[in-house]
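Report on the following structure.
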Amino acid sequence: MSTVPTTLRDTTADSGGRVLESCLIGIGREEFARDVWGRTPLLTRGAGDFSGLFSAAAVDELVSRRGLRTPFLRVAKGGTTAPESSYTSPGGVGASVADQLDDTALWRSFADGSTLVLQALQRTWQPVMEFASRLGTELGHPVQANAYVTPPQNRGFDDHYDVHDVFVLQVTGAKRWIVHEPVHPDPLRDQPWTAHRAAVAEAALGEAYLDTVLEPGDVLYLPRGWLHAAEALGDVSIHLTLGVHTWTRHALAEQLAEAALALLREDPEMRGSLPLGVEGPGEALSFVRRRLAAALDEADPTPLFHATRRSQARPAPMGPLAQLGVLQGLAPDTPVRLRAALDARLLGRRLATRVGWLDFPERDLASVLRILDGGTHPAGALGLPFVERLLRAGVLVPAAS
């Protein structure tokens with residue numbers, strides 16, 4: 001191995017602390033941000049026991065009892081993904097959908113060496129949902145969660161790279177990971193490894209940057225673009241992959257350009273037609289360059305950035321019956337709080353959230369600022385009409401007494 005990434009000391013994660021810190025035992029957030037984030041792999045030994053987050057029992061329940069449909073699961077073997085029709089079937093009486101998971105077909109595929117990939121667990125398994133939501137909030141980048149369930153001595157996918165950063169949490173079993181340096185550093189979301197298939201295959205034949213076995217409790221961080229392949233060893237391996245869909249400078253440039261073009265739509269000269277018989281941009285291009293450069297200087301992509309960011313993740317779950325119950329019994333001493341993961345921001349008199357925006361009169365702004373602290377507040381201290389409005393909007397939710 002030509003270079004060895006940082007290996008952290010063995011210890012146990014504090015499940016009550018920040019979730020990022022529970023994956024980074026022995027290294028602080030600032031050091032991780034400065035030296036590791038988006039730059040190099042990081043291996044953490046013995047970060048903690050992840051069986052409370054996910055488990056073999058969770059796999060069996062999701063596959064056999066939850067009525068999951070595609071694309072919440074993929075099946076792969078030897079680098080090939082199986083067609084959905086090979087592991088789905090109709091749901092039976094009262095469930096007229098044809099693509100529910102077929103547990104018999106999945107069992108046969110698994111017994112034959114296929115890897116089961118449970119996708120988007122941040123939507124289907126509550127402990128992972130909460131963990132991924134907290135991690136996304138701490139990182140400032142949206143997070144998805146997949147589980148890879150691999151039979152002994154099998155590999156689900158060949159060498160490839162992801163277009164997002166990942167934290168790999170080994171839950172049960174052991175898995176050998178072979179990591180190579182990027183052939184296309186920092187790929188964007190529309191630059192998948194398949195566009196560099198030949199280069200990836202050639203690089204995979206060279207000396208590995210990291211060749212290691214992950215045991216239960218270990219965590220491996222890989223920036224986007226790093227090549228990797230993994231193979232289960234003597235027992236069934238289950239690991240969680242937390243995919244961090246990083247915001248990039250290129251994405252910000254796209255939003256800046258979009259904001260500038262919105263300004264140019266209001267410029268009558270920019271809306272004007274090119275001369276008749278024009279064969280190329282000619283002099284008009286110089287004029288457009290000047291106006292575009294001026295618009296880029298003037299444009300503010302911040303509102304678009306925040307709106308796009310809010311759209312990349314979902315707010316915390318909200319039970320409609322519990323919400324109705326608190327509305328019907330609303331009293332001055334009713335405890336309420338801001339719904340988690342709303343990405344709520346007060347812009348002037350407008351509260352922008354993942355579930356929409358609300359404008360407020362001046363008299364309510366103090367209450368808006370109070371709920372933004374994330375704490376629990378009695379409804380009477382905020383104002384009952386104010387609380388009722390935000391409960392109906394799905395912005396406030398009942399809090400434990």
Side-chain angles (χ1 to χ4, degrees), residues 1-54 121-122 127-146 161-171 175 177 179 181-182 185-186 209-226 228 239-249 251-252 305-306 309 312-313 316 340-341 343 345 372-375:
M1 185 169 64
S2 57
T3 310
V4 180
T6 306
T7 302
L8 303 178
R9 64 182 175 84
D10 293 340
T11 188
T12 302
D14 176 8
S15 60
R18 296 171 66 90
V19 295
L20 176 61
E21 293 172 359
S22 74
C23 297
L24 301 176
I25 304 303
I27 182 173
R29 177 188 174 91
E30 292 183 3
E31 184 181 352
F32 175 79
R34 183 186 67 242
D35 300 332
V36 178
W37 173 251
R39 293 177 175 83
T40 185
L42 180 67
L43 177 62
T44 306
R45 295 291 187 191
D49 180 1
F50 300 122
S51 61
L53 191 59
F54 201 66
L121 287 173
Q122 78 279 2
V128 175
M129 180 189 306
E130 295 173 356
F131 192 94
S133 176
R134 291 171 59 191
L135 181 61
T137 297
E138 293 173 20
L139 294 174
H141 300 263
V143 173
Q144 70 171 72
N146 294 348
Y161 67 72
D162 295 319
V163 295
H164 48 263
D165 292 21
V166 299
F167 288 90
V168 177
L169 282 58
Q170 188 68 28
V171 178
K175 208 162 196 178
W177 283 76
V179 178
E181 296 188 39
D186 298 324
Y209 179 88
L210 174 64
D211 186 343
T212 190
V213 174
L214 293 191
E215 303 281 353
D218 293 346
V219 176
L220 175 64
Y221 165 75
L222 292 176
R224 57 196 164 102
W226 282 76
H228 55 276
H239 77 260
L240 287 172
T241 291
L242 303 173
V244 185
H245 291 258
T246 54
W247 289 100
T248 65
R249 295 182 180 89
L252 187 56
F305 173 82
H306 288 311
R309 181 174 178 268
Q312 295 298 307
D343 192 29
R345 296 171 184 271
L372 289 178
D373 66 8

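Source: prediction; values computed, not measured.
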Can you find a heavy atom in the side chain of [X] that is under 4.5 Å from one in the side chain of [Y]?
{"X": "V168", "Y": "W177", "result": "yes"}
{"X": "V171", "Y": "L53", "result": "no"}
{"X": "F167", "Y": "V143", "result": "no"}

Any chance you could lay out the side chain to side chain contact (heavy atoms under 4.5 Å, CB included) test for L42 and L24, step after step, and finish with the verdict? CA-CA 9 Å; L42 180 67; L24 301 176; 3.8 Å; yes
About how many Å separate [atom2] of [Y] and [atom1] of [X], when rounded to the nearest 0.5 Å?
{"X": "F54", "Y": "L240", "atom1": "CZ", "atom2": "CG", "answer": "6.0 Å"}
{"X": "L222", "Y": "H164", "atom1": "CG", "atom2": "NE2", "answer": "10.0 Å"}
{"X": "F32", "Y": "R39", "atom1": "CZ", "atom2": "CZ", "answer": "10.0 Å"}

Please test L214 against L43 for side chain to side chain contact (heavy atoms under 4.5 Å, CB included), starting from the C-alpha separation and ending with a verdict. CA-CA 9 Å; L214 293 191; L43 177 62; 3.4 Å; yes
Any donor-acceptor N/O pair, [X] side chain to [Y] backbone, under 3.5 Å:
{"X": "R224", "Y": "H245", "answer": "no"}
{"X": "Y221", "Y": "G38", "answer": "yes"}
{"X": "Q122", "Y": "Q144", "answer": "no"}
{"X": "T137", "Y": "S133", "answer": "yes"}
{"X": "R29", "Y": "E138", "answer": "yes"}

Partner of T44 by side-chain contact (heavy atoms from CB on, under 4.5 Å), out of D218, V219, L220: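 Of the listed options, the one satisfying the test is V219.
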Among N146, V128, L242, exactly one meets side-chain contact (heavy atoms from CB on, under 4.5 Å) together with L121. Which residue is that?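 So the option named by the test is V128.
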Give me the ring orientation class for W37 and H141: parallel if the planes are under 30° apart, tilted from 30 to 60°, perpendicular past 60°.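 The rings of W37 and H141 sit tilted, inter-plane angle from 30° to 60°.
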Hey, what's the ring geometry for W247 with F305, parallel, tilted or perpendicular (30° and 60° as the breaks)?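 The rings of W247 and F305 sit tilted, inter-plane angle from 30° to 60°.
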So I27 and V36, side chain to side chain contact (heavy atoms under 4.5 Å, CB included) or not? Walk me through it. CA-CA 10 Å; I27 182 173; V36 178; 4.1 Å; yes
Just do the side chain to side chain contact (heavy atoms under 4.5 Å, CB included) check on H228 and D162 with the steps written out, would you? CA-CA 9 Å; H228 55 276; D162 295 319; 3.2 Å; yes
Search all heavy atoms of [X] against all heavy atoms of [Y] and return the closest pair with its distance.
{"X": "E215", "Y": "R45", "result": "N-NH1, 4.5 Å"}
{"X": "V179", "Y": "P41", "result": "CG1-CG, 4.4 Å"}
{"X": "F131", "Y": "C23", "result": "CZ-SG, 4.0 Å"}

